[in-house]
Q: 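The following block contains the structure, expressed as structure tokens.
Quick caveat: nothing in here was measured; it's all calculated off a predicted structure.
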Amino acid sequence: MGEDGNTSIFNLSYSSFLLVGFPGLQEGRPLLVLPLTFLYVSIVSANALVIHTVVAQRSLHQPMYVLIALLLAVNICASTAVMPKMLEGFVHYANPISLRGCLAQMFFIYFTLLLDYNLLLAMALDRYVAICHPLRYTDLMTSHLLGLMATFAITRSLGVAVPLVVLTAKAQFCKTSVIRHFTCEYIALLSIACGDLTFNNRLGLAMRLVTVTFDLALLGTSYTRIIYAAFRISSGGARAKALHTCGSHLLVILTIYLSGLSTSIVFRVAKTVSQDVQNLLSAIYLLLPGALNPLIYGVRTKEIRQHIEKMLCGMQSPQDSREKSQNVRGERDLPG
């Protein structure tokens, strides 16, 4: 009886779940639907605006701006993988999702997150060539190289996201069908799995540590050399522009990596942290890059900002303003 009972319990594996994000809020959850909807629309609109500006302006068809547009396109995909289901969960306390749907959502979350990391590496390479080898920039940073970097980014992201999803799909979920999270994160799914999960935990931690450590080492080396080379530029204006551009990239890097690392540390170390706090940290690291990146690049990148201002505010060039003022004066001089 005992062995049969244990076997039956072990063989039981839920194939559908209920997402219950922020369980401590309860009655206050519907009140968050409107501000979160506004946040999602703002994220999509702001990122799409910068992408449209880069695509529409031929002067911005350069590797640096193309990589920025790709990064912001990934931001839209990442937010879309999380927000609609999250909003549905705030409308209905128990948000049903199938195992396949959960695995699909987990794949897109980690695939887009890793694409962010890989595109930041590509942007660091672009800035390294532009500042450390400016005379060879046009020869090295070709469309062929951009295609190779995009292929590498996609392949590397798939190489990490797919094993995590496949390993999770093989797990038995027998503890409960309730996931106390607003999305299907790897750690959230493992928390309701049963059996020996040592390999799953170690693989997830190892992949994250290797990816983050490798990326941060490359980024740190690249930007150290970039900043060193920038300070050696004789022209003060060119030096300031180089440092300003690198500052924008470093802000994005700090936003993505610090938010992700803080969440991982809390999940794995601070066991006493409430579920709502863990959900909040996850929401920050999943949604913050999509909210801040278009602001950082749209405001701090002069070329993009000027085109956006002209498009939104109908700003005119000085020549157009002079011609208009001359036409107005001419109309005033005409006899009534």
Side-chain angles (χ1 to χ4, degrees), residues 43 46-47 50-51 54 62-79 82 109-132 141 145-146 149-150 152-154 156-157 159-161 207-231 239-266 281-305:
I43 289 174
N47 284 278
V50 178
I51 293 171
V54 173
Q62 301 174 31
M64 183 182 78
Y65 305 114
V66 172
L67 290 171
I68 289 175
L70 288 175
L71 182 70
L72 300 188
V74 172
N75 290 162
I76 294 177
C77 295
S79 301
V82 175
I109 288 173
Y110 289 103
F111 178 68
T112 54
L113 185 65
L114 290 160
L115 267 182
D116 269 350
Y117 294 166
N118 293 321
L119 286 174
L120 289 176
L121 288 176
M123 293 166 79
L125 175 63
D126 172 75
R127 289 301 86 200
Y128 172 78
V129 175
I131 296 174
C132 298
M141 293 303 298
L145 181 59
L146 280 178
M149 289 193 295
F152 171 77
I154 293 173
R156 185 167 179 253
S157 301
V160 177
M207 283 187 169
R208 193 167 187 85
L209 287 177
V210 170
T211 302
V212 172
T213 303
F214 177 76
D215 290 1
L216 287 179
L218 284 180
L219 290 170
T221 302
S222 298
Y223 281 103
T224 299
R225 299 193 65 177
I226 289 170
I227 293 172
Y228 176 74
F231 277 111
R239 185 192 312 119
K241 182 178 180 180
L243 292 174
H244 184 81
T245 303
C246 291
S248 299
H249 295 321
L250 289 173
L251 279 176
V252 173
I253 290 170
L254 289 174
T255 299
I256 292 176
Y257 280 93
L258 287 182
S259 58
L261 285 174
S262 62
T263 304
S264 295
I265 291 172
V266 169
L281 290 173
S282 291
I284 290 174
Y285 101 86
L286 290 173
L287 302 176
L288 187 63
L292 290 185
N293 288 354
L295 295 179
I296 293 173
Y297 288 120
V299 174
R300 288 181 57 87
T301 306
K302 181 180 177 181
E303 294 78 6
I304 295 178
R305 185 183 69 248

Q: Over all heavy atoms of both residues, which pair between R305 and V299 is shortest? Give the atoms and the distance, please.
A: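 Between these two residues, the closest heavy atoms are NH1-O, 2.6 Å.
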Q: Looking at every heavy atom in both V66 and V54, which two are closest together, and how far apart are they?
A: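 Heavy atoms of V66 and V54 come nearest at N-CG1, 4.4 Å.
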Q: How long is the gap from OG1 on T213 to CG on L218, to the nearest 0.5 Å?
A: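 Answer for the OG1-CG pair, T213 versus L218, is 11.0 Å.
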Q: So do L120 and D215 actually touch side chain to side chain, heavy atoms under 4.5 Å?
A: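 The answer is no, as the side chains (C-beta and beyond) never meet within the 4.5 Å cut-off.
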Q: Supply the atom-to-atom distance C246 SG to L251 CG, rounded to the nearest 0.5 angstrom.
A: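 Nearest 0.5 Å value for the SG-CG distance: 11.5 Å.
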Q: Could you check L113, N293, T112 and say which one makes a side-chain contact (heavy atoms from CB on, under 4.5 Å) with V74?
A: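 With V74 as partner, side-chain contact (heavy atoms from CB on, under 4.5 Å) holds for just one option, T112.
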Q: Of all the heavy-atom pairs spanning L287 and I43, show the shortest one and how long it is.
A: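 Distance-wise, the nearest heavy atoms are O-CD1, 4.0 Å.
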Q: L258 and Y285: side chain to side chain contact (heavy atoms under 4.5 Å, CB included), yes or no, with the steps?
A: CA-CA 8 Å; L258 287 182; Y285 101 86; over 6 Å; no
Q: Passes side chain to side chain contact (heavy atoms under 4.5 Å, CB included), L121 versus R156? Steps please.
A: CA-CA 12 Å; L121 288 176; R156 185 167 179 253; 3.8 Å; yes
Q: Considering all heavy atoms of both residues, which atom of A229 and which atom of I131 are nearest to each other, and what is their separation?
A: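 So the minimum-distance heavy-atom pair works out to CB-CG2, 4.0 Å.
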Q: Holding to side-chain hydrogen bond (donor to acceptor under 3.5 Å, both in side chains), I want the full list of residues that pass it with Y117, two or more places apart in sequence or in another chain.
A: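 Applying side-chain hydrogen bond (donor to acceptor under 3.5 Å, both in side chains) to Y117 gives none.
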Q: Which atom names give the shortest non-hydrogen contact between S157 and N118, and what distance separates them?
A: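 Looks like OG-ND2, 2.8 Å.
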Q: Distance check, rounded to the nearest 0.5 Å: I68 atom CD1 versus L72 atom CG?
A: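 CG of L72 is found 7.5 Å from CD1 of I68.
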Q: Can you tell me how far OG1 of T255 sits from CD1 of I284, rounded to the nearest 0.5 angstrom?
A: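 One finds 12.0 Å between CD1 of I284 and OG1 of T255.
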Q: With distance as the sole test, does D126 use its side chain to make a donor-acceptor pair with the main-chain N or O of A122 at under 3.5 Å?
A: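 Not a single qualifying donor-acceptor pair exists.
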Q: Without swapping roles, check the side chain of T301 against the backbone of G298 for a donor-acceptor pair under 3.5 Å.
A: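 Not at all, since once roles are kept as given, no pair shorter than 3.5 Å links the two residues.
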Q: Which atoms form the tightest heavy-atom contact between I154 and F111, and what is the distance?
A: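 The answer is O-CE1, 3.9 Å.
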Q: Please report the C-alpha distance between V160 and Y110 in whole Å, then the side-chain angles of each, then the deciding distance to 0.1 Å, and finally whether the side chain to side chain contact (heavy atoms under 4.5 Å, CB included) criterion is met.
A: CA-CA 8 Å; V160 177; Y110 289 103; over 6 Å; no
Q: Could you state the interatomic distance from CD1 (I296) to CG (L71), rounded to the nearest 0.5 Å?
A: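 Taking CD1 in I296 and CG in L71, the distance rounds to 10.0 Å.
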Q: How long is the straight-line distance from CG of L216 back to OG1 of T221, given to the nearest 0.5 Å?
A: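 Taking OG1 in T221 and CG in L216, the distance rounds to 10.5 Å.
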